Each structure stands twice: as structure tokens, then as C-alpha cells.
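Please read all numbers here as calculations on a predicted model, not as lab measurements.
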Amino acid sequence: MIVESIELENNVSKVVSQYFPQAKVQNIKVIESGHINATYRVDVFEEEGKEASYLLQKLNTEVFKNPNSVMENINRCARFLHDFTEGYPYEILTPYKTEKEGSFLVKNESGYWRLFNFVENTISLDKITTGEEAFQIGNAFGTFLFYVNGDNVTEYNITIPNFHDFTSRYAQFVKFLKPYDIKKFDSEVQNLILEIEGYSREYINLDKVEIPLRLIHHDTKANNVLLDESTGSPKCIIDLDTLMPGSIFSDFGDLIRTVLNPFEEDNFLDNNKKIDINIFNNLSKGFLLPLNEILTNNEKDYLIKGGKRIILLQVLRFLEDYLRGNIYYQVDYDKHNLIRAQSQMNLFKAIERTELSLH
Ligand code: GN1
Ligand code: MG
């Protein structure tokens with residue numbers, strides 16, 4: 001543990017010195033959220049009277065195979081919001097360039113690192129309990145999407161191919177299962193596979209609906225909105241790694257997946273739990289307010305169904321990772337991805353049982 005933390009301190013100091021050669025790292029705090037990258041808050045002393053905090057991340061390059069294209073997207077978006085839009089109401093997550101090379105990434109023996117501004121005095125919500133919170137989260141992402149959709153979507157890189165493409169992920173899942181005798185799996189795994197198969201038939205049909213390609217966040221979890229800690233109003237949209245071309249269903253999907261879930265992502269064990277319609281109505285009202293003008297009729301008509309498909313996709317992703325031996329998501333214990341898959345299936349079914357409509 002001590003060795004690990006000394007190693008971390010050394011790595012962090014080396015990386016920070018590439019951005020700010022004079023700075024001294026004073027404090028490093030691990031930020032324990034997310035299943036993919038390693039995230040730290042780093043407090044540095046730059047000179048007398050100049051202390052600052054930054055968000056430092058080590059990118060998971062198993063997942064983000066081309067880190068430069070991720071940084072190109074994030075930088076393009078930050079520049080667009082800073083320089084080419086008027087009225088964007090939030091702080092902008094902005095990557096720093098290294099002093100010598102002018103690069104957004106530091107690559108060394110320990111991996112690929114990048115540095116952002118640290119947005120101070122904020123909180124984020126892992127669970128949503130009131131209509132007001134749901135409205136704020138929906139509205140924050142709706143507003144973000146409205147502004148970034150002013151930019152040219154074709155200028156953005158696809159950083160993870162087929163990331164939210166249900167049909168291709170499902171085909172990949174079926175192919176992966178082919179050599180196995182499914183009856184030999186534990187009954188809980190068998191049940192999930194059958195349920196995924198059952199629902200997929202209906203949800204794959206959504207591919208026939210014509211909708212425009214948009215610049216989408218692709219990870220609109222409630223806790224990816226930083227809220228002002230004193231007023232509770234949105235202050236910054238974070239985690240822009242998967243900002244890339246996609247469909248609006250993705251972002252509404254991860255919103256309902258996280259905002260309507262009264263439990264943790266890996267803890268929806270109650271099969272009879274009801275979804276709070278008031279939370280849904282507030283979420284969708286907040287989301288659509290800034291987007292109403294730009295969304296097509298098809299996008300609106302299929303928003304709920306398309307959104308629900310993202311939850312099903314998440315069940316599939318967690319289950320497949322469990323069966324592959326937990327190679328993608330970080331896990332706390334061996335069956336963690338299985339429990340996540342079951343929890344997300346319970347959430348999916350609870351939402352299926354609830355009549356939802358947009359007002
Ligand atoms: C991953 O690491 P994090 O929490 O930001 C994943 C998302 C999933 C999410 C599930 C690149 O995001 O797609 O929805 O876990 N990100 C990637 O909580 O796969
Ligand atoms: Mg993420």
C-alpha cells in the first residue's frame with residue numbers, strides 16, 4: 001500500500017511537471033467514481049500565493065484504444081463552447097496542454113494521463129430522490145446537447161466503434177455464447193440470457209426508425225452533472241470521453257437508467273419496486289425543454305423506447321463482461337458484473353411495467 005502510494009505520488013508529480021514545470025504537488029486524492037479510468041484531485045503549489053487544484057486522470061487504454069482521438073473530441077468541444085457559442089450556462093471541462101510539446105496527453109511508462117480544470121464547490125448525486133433534482137439533471141444534459149449540437153457532428157471521432165449499437169452488441173453476444181452449452185451455466189445466468197433474448201426481439205426493431213446522427217455524450221449518468229454545492233443548480237457536465245456521434249436515445253437512456261433508479265446501479269434487487277412517475281415527468285420535462293425545437297418527430301416518438309433499450313444494452317454488457325471474466329469493467333468482487341446485470345434487468349422490468357409518456 002505504501003509502495004503503491006509512493007509510486008502514485010512519483011507518477012503524479014512527473015506528469016504534473018509536464019504541464020507546470022515549477023509546480024509542487026501537495027496533495028493527491030483518489031476520486032472513486034467510474035468503472036474505467038483512474039481519477040485524482042491534485043492540489044499543487046505553483047508559487048507564493050498561487051495554489052490550485054486540477055483533475056488528473058489516467059486513461060484506460062484497453063477501453064480507449066486511441067487516446068489522441070478522445071482528446072481531440074474533448075478539446076474540439078471545449079473550444080467550440082468557449083469560442084463559438086454564446087450563452088452556454090455551465091463551466092466547461094477543459095483539457096490542459098503540456099508546456100513543452102503542447103500535447104493534451106502525457107505518455108510515460110505508467111500510461112496515458114490528462115489534466116483538466118477542477119470545478120470547485122460542487123457535489124454530484126448518485127441517487128435522485130426529488131422531482132426538482134430530476135428536472136435539474138435532465139435539463140443540464142438537454143442544455144449541453146442543445147449547445148454542442150450547434151457544432152458539426154462529422155468533425156468528431158468515433159472513439160469506441162458501435163459503442164451503443166444494440167444490434168451489433170447483441171450479435172456479438174450471441175456469437176460469444178455459441179460455443180457454450182447454456183444449460184451448464186448457473187440458473188441466474190441462464191435466466192438473464194433468456195430475458196435478454198426475449199426483449200431483444202422487440203427492441204432490435206427500433207433500428208428501422210430513421211433518426212439523425214447527433215453529437216451525444218454517451219454516458220449521461222446523473223452523477224456526471226456537477227451541481228453547485230450551495231444552490232444545487234448544475235455547474236458543469238463532466239466525463240466527455242465518449243462524446244461522439246450517436247443517437248439521442250443513448251442520452252435519454254442513461255438518464256432514465258440512473259435518474260429513475262431508486263437504488264445503486266448494482267443493487268436493484270426488489271422485483272416489485274415501482275418507478276416514480278413524478279421523477280420521470282420532471283426528468284423528461286427538463287431534458288426536452290432545451291431540445292424540443294431541434295428533435296425530429298421520430299426522435300420524440302421513440303425517445304422512451306429508445307431510452308429503455310440502453311438499459312437492456314447495459315444488462316448485456318455487464319453480463320457479457322462477467323462471462324468473459326471481468327475484463328472490461330472494474331469490479332469489487334467476482335460476481336459484481338453479474339449482480340450489476342441482474343440489478344439493471346430488474347430496473348428495466350420495473351420501467352417496462354410503468355406506463356410512461358412525454359407531456
Ligand atoms: C462506464 O466509467 P464510467 O462509470 O464513466 C461505461 C459506460 C457505462 C457505465 C456503467 C467507456 O462509465 O458506458 O454506462 O460504466 N463507460 C465506458 O455505469 O464503457
Ligand atoms: Mg463515463
Side-chain angles (χ1 to χ4, degrees), residues 31-37 39 55 89-91 93 119 121-148 164 216-243 246 248-268 270 273-291 303-304 306-315 317-318 329-330 340 343-344 346-348 350-351 354 356 358:
I31 299 180
E32 305 237 9
S33 72
H35 307 329
I36 308 281
N37 299 320
T39 309
L55 188 88
Y90 310 132
E91 287 191 30
L93 193 70
V119 185
N121 306 321
T122 60
I123 51 162
S124 63
L125 304 174
D126 290 328
K127 273 191 244 170
I128 300 301
T129 52
T130 68
E132 172 59 21
E133 287 171 356
F135 180 89
Q136 292 284 19
I137 299 294
N139 194 243
F141 277 116
T143 304
F144 172 80
L145 289 176
F146 171 79
Y147 280 97
V148 300
H164 276 187
I216 298 297
H217 183 284
H218 279 109
D219 196 12
T220 52
K221 304 205 249 198
N223 59 12
N224 276 335
V225 181
L226 298 183
L227 304 166
D228 186 305
E229 88 189 340
S230 47
T231 63
S233 51
K235 206 168 169 189
C236 187
I237 301 292
I238 58 166
D239 192 2
L240 303 182
D241 289 336
T242 46
L243 178 81
I248 195 74
F249 300 156
S250 286
D251 282 3
F252 193 63
D254 268 325
L255 275 171
I256 57 176
R257 188 174 78 78
T258 55
V259 172
L260 302 194
N261 187 352
F263 307 115
E264 307 290 336
E265 183 179 62
D266 57 359
N267 192 26
F268 198 116
D270 179 351
K273 185 76 188 167
K274 292 222 163 46
I275 292 304
D276 186 337
I277 305 260
N278 176 47
I279 300 254
F280 175 81
N281 289 341
N282 274 284
L283 169 71
S284 49
K285 201 164 132 201
F287 184 73
L288 287 176
L289 209 59
L291 289 174
L303 198 59
I304 294 176
K308 284 198 267 186
R309 190 164 76 162
I310 290 296
I311 308 175
L312 202 55
L313 181 78
Q314 199 65 74
V315 177
R317 292 178 65 197
F318 283 142
Y329 291 112
Q330 288 165 13
R340 284 173 177 152
S343 299
Q344 293 292 303
N346 286 339
L347 168 67
F348 176 79
I351 295 178
T354 315
L356 303 174
L358 302 176

| Considering residues at least two apart in sequence or located in another chain, which fulfil the salt bridge (charged side-chain N to carboxylate O under 4.0 Å, His left out) criterion with Asp241? | Arg114
| query | Is Arg257 salt-bridged to Glu265, cutoff N-O under 4.0 Å? | reply | yes
| query | Are any of the side-chain heavy atoms of Asp251 and Phe141 separated by less than 4.5 Å? | reply | no
| remark: Leu93 and Ile237 have their tightest heavy-atom pair at CB-O, 4.1 Å
| Side chains of Leu240 and His217 in contact at under 4.5 Å (non-hydrogen atoms) | yes
| said: Donor-acceptor pair, distance only, cut-off 3.5 Å: does the side chain of Asn282 make one with the backbone of Phe135? | reply: no
| message | Go through it in stages, so that I can follow the logic: the residues are Phe287 and Asn139, the test is side chain to side chain contact (heavy atoms under 4.5 Å, CB included), and I'd like the CA-CA distance, side-chain angles, deciding distance and then a yes or no. | response | CA-CA 4 Å; Phe287 184 73; Asn139 194 243; over 6 Å; no
| remark: In terms of heavy-atom contacts, Pro234 and Val225 come closest through CB-CG1, 3.9 Å
| Do the rings of His35 and Tyr329 sit parallel, tilted or perpendicular, given the 30° and 60° boundaries? | perpendicular
| task | Return yes if some donor-acceptor pair links the side-chain N/O of Asn224 with the main-chain N/O of Thr220 below 3.5 Å, else return no. | result | no
| request: Taking salt bridge (charged side-chain N to carboxylate O under 4.0 Å, His left out) as the test, write out the residues that go with Glu91, two or more places apart. | output: none
| Where do Pro290 and Phe146 come nearest, in terms of heavy atoms and distance? | O-CD1, 3.3 Å
| query | So which heavy atom on Phe263 is nearest to which on Asn261, and how close? | reply | N-OD1, 2.8 Å
| task | Measure the CD1-CG distance between Ile311 and Leu347 for me, rounded to the nearest 0.5 Å. | result | 4.5 Å
| query | Would you say the side chain of Arg317 lies within less than 4.5 Å of the side chain of Leu313, judging by non-hydrogen atoms? | reply | yes
| message | I want to check something: taking the side chain as every heavy atom from C-beta on, are Ile275 and Ile256 in contact at a cut-off of under 4.5 Å? | response | no
| To the nearest 0.5 Å, how far apart are CZ in Arg340 and CD in Gln344? | 9.5 Å
| task | Might you point out which heavy atoms bring Asn346 and Phe268 nearest each other, and give the distance in Å? | result | ND2-O, 2.8 Å
| query | Stepwise, does the side chain to side chain contact (heavy atoms under 4.5 Å, CB included) test hold for Leu55 with Thr39? | reply | CA-CA 7 Å; Leu55 188 88; Thr39 309; 3.9 Å; yes
| Passing option when Phe280 is tested against Val259, Leu255, Ile304 for side-chain contact (heavy atoms from CB on, under 4.5 Å) | Ile304
| field | side-chain contact (heavy atoms from CB on, under 4.5 Å) partner of Ile216, the single match among Ile248, Asp254, Val148, Thr242 | value | Ile248
| Heavy-atom side-chain proximity of Leu288 to Leu303 below 4.5 angstrom | yes
| said: Applying salt bridge (charged side-chain N to carboxylate O under 4.0 Å, His left out), can you list everything that pairs with Glu264, at least two apart in sequence or on another chain? | reply: Lys127
| Counting distance only, does the side-chain N/O of Asn223 pair as donor-acceptor with the main-chain N or O of Leu125 below 3.5 Å? | no
| note | Closest non-hydrogen contact found for Ile238 with Leu226 is CG2-CD1, 3.7 Å
| Would a 4.5 Å heavy-atom cut-off, applied to side chains only, mark Leu243 and Phe144 as touching? | yes
| Does the side chain of Thr122 come within less than 4.5 Å of Cys236's, by heavy atoms? | no
| remark: Interatomic distance, CG@Asp276 vs CG@Leu283, rounded to 0.5 Å, equals 11.5 Å
